[in-house]
Amino acid sequence: MTIDCFSNIAFIPNDIWVAITIKVTSDSIRDLCSLRMTCKAARNAGEADIVHRSVSIPPPHATPWCWCLNPEPKRFFDRCMVAGHPELLFREALRELFIRRNENVGLQMLNSATSTGHAAATYALTMTLLLRTDDNDEKQKGLELYRKLDAAGSLADCNARCFSILTISWPGEVQMPRIEEQHTVCASAKCSTRGHMPLLYDYHRRAAERNSVHAFGGAAHIPCIQCHADYDLQAFVNLP
């Protein structure tokens, strides 16, 4: 139930209310619910698509379990999805790609989330494009995106985000693609590290199992950016 008080609130333009609501909803879903109960103007502003695209979505491990049982949160998240919320598009894209095996739908969702600047979606799109063997142009696009993420220092964080979504949201259900020889990104015959990234990744993985200091560093010492991409592909397909 909302109560409209006799004040200047009634004369605030709707676009100002929407801007206020976006600021509130970017902090927490509960704050959005509280704001919408204050007055009719706030409730109406909370119905805007841009608000549903801006709401703060908690990570899987922080999502209250009761939300999964209550139809009201599901309707809210469905509305956010329809509005094009980048985080929800990113999560649903991973489900389409690596559980339902629906590559076209998954790529479409990743492209939509990437267009908003969502870094983890950009990373997932990058890895998916680099795994393509049927379209060299798409693979080159993936390498360009990889260079941008590498320059921004976002690769490790994005890999961790994908790991969190895939392992916590759908444990045991994920089917990651296998890397074959034709998936190799580095094609330079002069590169001394070309083709060695699977061995390097396996070495670091085994070192991590022993809690050895040799588990750290990845391919940071490798000068070839394309071999870096090959190493990260190994890390990506071995996420779950």
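Since the structure is predicted, the reported quantities are computational estimates derived from the model, not experimental observations.
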Is Thr193 close to Met197 at the side-chain level, that is, under 4.5 Å between some pair of heavy atoms?
yes
Are the side chains of Val105 and Met109 in contact, using a 4.5 Å heavy-atom criterion?
yes
Less than 4.5 Å apart, any side-chain heavy atom of Leu129 and any of Lys139?
no
Output for pair (Ile165 CD1, Glu92 CD), nearest 0.5 Å, gives 11.5 Å
Ala48 to Val18 - nearest heavy-atom pair and separation
CB-CG2, 4.4 Å
CZ (Arg178) with more than 12 external heavy atoms under 6.0 Å
no
Ring geometry between Tyr201 and Tyr231 (parallel below 30°, tilted from 30 to 60°, perpendicular above 60°):
perpendicular
Which atom names give the shortest non-hydrogen contact between Leu149 and Ala119, and what distance separates them?
CD2-O, 4.2 Å
Can you tell me how the ring of Phe76 sits relative to the ring of His52, calling it parallel under 30°, perpendicular over 60° and tilted otherwise?
tilted
Is any side-chain heavy atom of Met176 less than 4.5 Å from a side-chain heavy atom of Asn238?
no
With a 4.5 Å cut-off on side-chain heavy atoms, are Gln175 and Phe98 touching?
no
Is it the case that atom CZ in Arg206 sees more than 12 heavy atoms from other parts of the structure closer than 6.0 Å?
no
When Cys186 is tested against each of His196, His228, Arg194 for side chain to side chain contact (heavy atoms under 4.5 Å, CB included), which residue passes?
Arg194
Quick one: does any side-chain atom of Arg147 pair with a main-chain N or O of Gly142 as donor and acceptor, under 3.5 Å?
no
Step by step, would you call Leu110 with Phe90 a side-chain contact (heavy atoms from CB on, under 4.5 Å)?
CA-CA 6 Å; Leu110 282 182; Phe90 161 62; 4.2 Å; yes
Between the main-chain N or O of Tyr146 and the side-chain N or O of Asp150, is there a donor-acceptor pair closer than 3.5 Å?
no
Would you say the side chain of Ser154 lies within less than 4.5 Å of the side chain of Tyr123, judging by non-hydrogen atoms?
no
Would you find a donor on one side and an acceptor on the other, under 3.5 Å apart, between the side chain of Asp202 and the backbone of Pro198?
no
Counting only N and O atoms by type, is there a donor-acceptor contact under 3.5 Å from the side chain of Ser112 to the main-chain atoms of Gln108?
yes
What are the two closest heavy atoms between Met127 and Leu233, and how far apart are they?
O-CD2, 3.6 Å
Taking the side chain as every heavy atom from C-beta outward, state whether Phe163 and Ile168 have any atom pair closer than 4.5 Å.
no
Student check: side-chain heavy atoms of Glu87 and Arg161 closer than 4.5 Å:
yes
Check for a donor-acceptor pair, side chain of Thr116 on one end and backbone N or O of Ala113 on the other, with a separation under 3.5 Å.
yes
Does atom CZ (Arg205) have a neighbourhood of more than 12 heavy atoms from anything else shown, all under 6.0 Å?
yes
